[in-house]
Amino acid sequence: MASIPERRRDQDEIAQLRMRNAMQMRPPVQHYQRKLASPLILWPGYLLSLLGLGVVIGPLLFIRKPLSRHHAALMIIVSVIVLLSASLWSLNYIKKADGDLPSWVPEWVVDLDL
């Protein structure tokens, strides 16, 4: 816990302390920029995640750019949803075309009436 000062500081001393605090070394902005993903990477990544390819791009972005992990997680989530819906749609299409699904399809999928 901070100790209580022995005397009250005047305005000049407070200004000096503020100036000294403002001039302290801070990490350069470039240090953070290297950890962030560029918008030139993010926009194609989001577009490719709509095609289901975010499961490939997302983990790479997750590992290489730690301050953009939320973007990577969103790309992976969108890709998984797209892939699941596309697979269920294609199984429904196969079922309507042939009247029967392949043997490797689980029973709960066969019972779905999509």
Side-chain angles (χ1 to χ4, degrees):
M1 191 167 181
S3 63
I4 298 175
E6 294 177 14
R7 63 180 179 83
R8 185 180 172 115
R9 297 183 188 266
D10 62 352
Q11 292 298 324
D12 291 332
E13 284 180 303
I14 293 173
Q16 286 289 331
L17 288 171
R18 287 181 180 159
M19 185 175 63
R20 215 176 310 141
N21 189 19
M23 300 301 281
Q24 283 181 350
M25 288 293 292
R26 305 241 191 266
V29 174
Q30 293 172 345
H31 175 70
Y32 292 112
Q33 292 293 336
R34 279 185 263 139
K35 292 182 178 183
L36 287 172
S38 168
L40 297 174
I41 294 172
L42 293 177
W43 283 108
Y46 279 119
L47 292 175
L48 288 174
S49 69
L50 290 175
L51 298 174
L53 298 176
V55 293
V56 176
I57 297 167
L60 294 174
L61 189 64
F62 192 86
I63 293 169
R64 301 208 22 123
K65 302 293 183 179
L67 292 180
S68 294
R69 289 184 174 159
H70 57 283
H71 290 290
L74 187 60
M75 285 180 198
I76 292 171
I77 290 169
V78 168
S79 294
V80 167
I81 290 171
V82 166
L83 290 173
L84 284 174
S85 61
S87 63
L88 287 174
W89 178 81
S90 64
L91 286 175
N92 187 32
Y93 185 75
I94 292 171
K95 184 177 179 183
K96 286 183 180 176
D98 295 335
D100 195 20
L101 287 175
S103 61
W104 52 268
V105 177
E107 281 296 319
W108 64 271
V109 175
V110 175
D111 295 337
L112 288 177
D113 189 26
L114 301 174

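Positions are given from 1, in the same order as the sequence printed here.
Here the straight-line distance linking atom CG of L53 with atom CG of L47 works out to 11.0 Å at 0.5 Å rounding. One finds the CZ atom of R69 at 9.5 Å from the NZ atom of K35 (value rounded to the nearest 0.5 Å). Within the model, atoms CG of L60 and CZ of R64 stand 8.5 Å from one another, a figure rounded to the nearest 0.5 Å. One finds the NE2 atom of H70 at 9.5 Å from the CE atom of M75 (value rounded to the nearest 0.5 Å). Atoms CZ and NE2, from F62 and H71 in turn, are 13.0 Å apart once rounded to the nearest 0.5 Å. S49 OG to I77 CD1: the interatomic distance, rounded to the nearest 0.5 Å, is 10.5 Å.
The hydrophobic clustering, which links ILVMFWY residues whose side-chain heavy atoms are closer than 4.5 Å, places V82 and I76 apart.
Shown are L51, L50, L48, L83; of these, the side chain to side chain contact (heavy atoms under 4.5 Å, CB included) with V78 is made only by L50.
Using a 4.5 Å heavy-atom threshold, the side chains of L36 and K65 count as separate.
In this structure, the side chain of S68 engages the main chain of A37 through a donor-acceptor pair within 3.5 Å. Put simply, the side chain of R9 never gets that close to the backbone of I14: no donor and acceptor are under 3.5 Å apart.
Across P39 and P44, no two heavy atoms sit closer than the pair O-CD, 4.1 Å. Nearest heavy atom pair, residue A72 against residue G58, reads CB-O, 3.2 Å.
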